[in-house]
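Heads up, the thing below is written out as structure tokens.
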Protein chains: 2
Amino acid sequence: MTYDQLKQTALIQFAQLGYEGASLSVIANEVGIKKQSIYTHFKSKDDLYIQTFHEATDCEIDFVKQFIEDQESLQLREVLSKFLTEYLERFEKNNNMKFFMRTSFYPPVKHEEVIKAGSNRFVDRLESLFTALFEQYSDELRHDVTPETAALAFLTMLDGLLVELIYGIPERLQKRSKQSWSVFWRGISIESGEL
Amino acid sequence: MTYDQLKQTALIQFAQLGYEGASLSVIANEVGIKKQSIYTHFKSKDDLYIQTFHEATDCEIDFVKQFIEDQESLQLREVLSKFLTEYLERFEKNNNMKFFMRTSFYPPVKHEEVIKAGSNRFVDRLESLFTALFEQYSDELRHDVTPETAALAFLTMLDGLLVELIYGIPERLQKRSKQSWSVFWRGISIESGEL
DNA sequence: AACCACCTTCCGAACGGTCGTAAGGTAATC
DNA sequence: GATTACCTTACGACCGTTCGGAAGGTGGTT
């Protein structure tokens with residue numbers, strides 16, 4: 001269906017070039033139709049853009065929610081490190097995430113409000129999901145580390161690694177990810193003596 | 001001098017709107033000259049852009065270098081937390097930093113290579129400066145934490161907080177910054193029992 | 001089976017607008 | 001007299017958008 005192809009192609013273009021950088025004629029070209037035909041499916045470029053954004057937001061929220069639900073029987077340490085690697089890998093392969101991040105970081109001014117609302121929805125969800133996770137495993141936490149503290153520190157580290165991901169030097173990401181994780185784990189975990 | 005005004009205004013515009021979003025006529029307007037007069041000072045939009053970028057990079061490197069040099073007599077903990085707050089504050093007030101971050105994160109495709117080189121220059125500098133700093137204070141580090149580990153973990157946390165800065169919700173940044181710092185410090189420091 | 005009305009999808013042509021850029025002219029400065 | 005800084009005018013390219021119509025499919029009426 002042309003409609004879905006359009007959304008998918010727009011997602012990629014917006015992710016790579018941003019709102020202003022992406023052009024309707026290129027998008028249409030890639031799909032195999034003329035620029036004017038886009039208006040059969042979408043009211044305007046803005047319409048296409050924010051519709052893409054909303055779906056991307058939902059998709060990102062679903063991913064995290066699903067991931068956490070799926071990890072039932074693992075230990076805290078395993079859940080977290082698995083999430084870390086899987087989420088970072090996701091960036092490489094998933095245009096949805098690339099688009100969502102770019103849009104959240106630097107939205108076009110005229111849609112700033114809508115997009116800020118959307119990304120806050122995502123971040124709030126992330127925080128509450130991870131706080132709940134840490135509550136569930138709170139016996140593995142140091143006594144002076146609350147679940148919320150652990151969650152926020154973890155998510156901050158995650159954001160920091162995403163930045164490295166954007167910079168796009170795999171070896172550096174690898175190093176940072178390993179070292180940050182070790183410091184983080186030492187900072188929250190009750191088992192204090194190991195490497 | 002018009003030349004400097006142009007660069008300064010361009011910096012702000014590029015920081016707020018990105019390369020494609022910024023327009024030469026708006027920039028000229030803001031300075032008080034006509035668009036075409038820009039070409040007296042710069043060969044092209046690209047020229048203006050990458051020249052602005054190189055100066056921004058130098059400026060960012062200088063800031064960090066200067067900051068670290070200035071903190072002689074403080075304790076490690078104080079140096080780090082002071083850097084954290086000062087660097088985050090810098091983002092609010094300093095357009096140079098905003099521009100540099102935006103450009104490093106999402107450069108226009110046609111200048112990707114030049115800009116990646118520039119931001120790597122910055123990141124490498126950061127890493128070596130902070131590794132040196134942690135070496136200097138290595139007696140305050142846990143025995144199983146190398147200076148490099150501490151540096152990379154710190155810089156990752158810093159990047160994560162910068163992301164929160166971009167999102168632009170001060171209270172959330174405040175919370176994240178406090179909690180991340182406490183976890184980080186527990187993760188690297190030898191003094192293990194305090195809050 | 002044949003006709004008609006309707007809807008969807010697409011495209012050609014064209015719109016007004018903005019973009020970055022070029023060339024040439026005019027003062028002022030050194 | 002050469003150089004510098006700014007101007008006016010104009011250009012072609014591309015942008016997002018609109019309109020009218022061609023083509024094809026669907027469903028209802030006769």
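Excluded from the calculations below are hydrogen atoms, water molecules and symmetry mates; all remaining heavy atoms, backbone and side chain alike, are included. Because the structure is a prediction, the values reported are computed rather than measured. Lettering follows sequence order; numbering is per chain, from 1.
- Atoms CG (Asn29(B)) and C1' (dC7(D)) sit 14 Å apart, rounded to a whole Å.
- Between His41(A) and dT8(C) there is no side-chain N or O to OP1 or OP2 distance below 4.0 Å.
- Atom pair Ile38(B):CD1 and dT8(D):C1' shows a separation of 16 Å (rounding to whole Å applied).
- Side-chain heavy-atom separations under 4.5 angstrom define the hydrophobic clusters, and the remaining members of the one that includes Val109(A) are Leu17(B).
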Could you check Val163(A) against Leu162(B) for side-chain contact (heavy atoms from CB on, under 4.5 Å), going step by step and ending with a plain yes or no? CA-CA 9 Å; Val163(A) 169; Leu162(B) 288 180; over 6 Å; no
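- Checking the phosphate oxygens (OP1, OP2) of dC6(D), a side-chain nitrogen or oxygen of Thr2(B) falls inside 4.0 Å.
- In this structure, Glu140(B) does not pair ionically with Arg77(B), as no charged nitrogen and carboxylate oxygen lie closer than 4.0 Å.
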Sugar-phosphate or base contact per nucleotide [nucleotides 11-30 of chain C; S, B, -; heavy atom under 4.0 Å]: BBB-----SBBB--------
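- Regarding Met1(A), its CE atom lies at a distance of 11 Å from the P atom of dT8(C), rounded to whole Å.
- At a threshold of 4.0 Å, the pair Arg121(A)-Asp58(A) counts as salt-bridged, since one of the basic side-chain nitrogens sits closer than that to a carboxylate oxygen.
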Might you work through the side-chain contact (heavy atoms from CB on, under 4.5 Å) test for Tyr19(B) and Asp46(B), ending with a clear yes or no? CA-CA 9 Å; Tyr19(B) 176 80; Asp46(B) 299 68; 3.1 Å; yes
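- Rounded to whole Å, atom P of dG16(D) lies 15 Å from atom CZ of Phe42(A).
- Residues Asp124(A) and Arg172(B) are paired through a salt bridge, judged by an N-O separation under 4.0 Å between the basic side chain and the carboxylate.
- As a whole-Å value, the separation of Gln5(B) CD from dC6(D) C1' is 13 Å.
- Distance, Lys110(A) NZ to dC15(D) P: 15 Å, rounded to whole Å.
- Glu60(B) is linked by a salt bridge (Lys or Arg N to Asp or Glu O under 4.0 Å) to Arg90(B), counting only residues two or more places apart in sequence or in another chain.
- We find that Glu92(B) and Lys98(B) are not joined by a salt bridge, their nearest charged nitrogen and carboxylate oxygen being 4.0 Å or further apart.
- For Glu20(B), the side-chain contact (heavy atoms from CB on, under 4.5 Å) partners two or more places apart in sequence, or in a different chain, are Glu20(A), Pro108(B).
- Helix bend of the helix from dA1(C)-dT30(D) to dC30(C)-dG1(D): the angle between its two end axes, each built from five pairs, comes to 10° after rounding to 10°.
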Contact list (N/O, under 3.5 angstrom) for nucleotides 20-22 of chain D vs protein:
none

Yes or no on side chain to side chain donor-acceptor pair (under 3.5 Å) for Thr40(A) and Ser37(A), after CA distance, side-chain angles and deciding distance? CA-CA 5 Å; Thr40(A) 306; Ser37(A) 308; 5.4 Å; no
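- Taking atom CD of Gln13(A) as the reference point, atom P of dC15(D) lies 11 Å away to the nearest angstrom.
- Closest non-hydrogen pair, Ser104(B) versus Ile115(B), comes out as CA-CG2, 4.2 Å.
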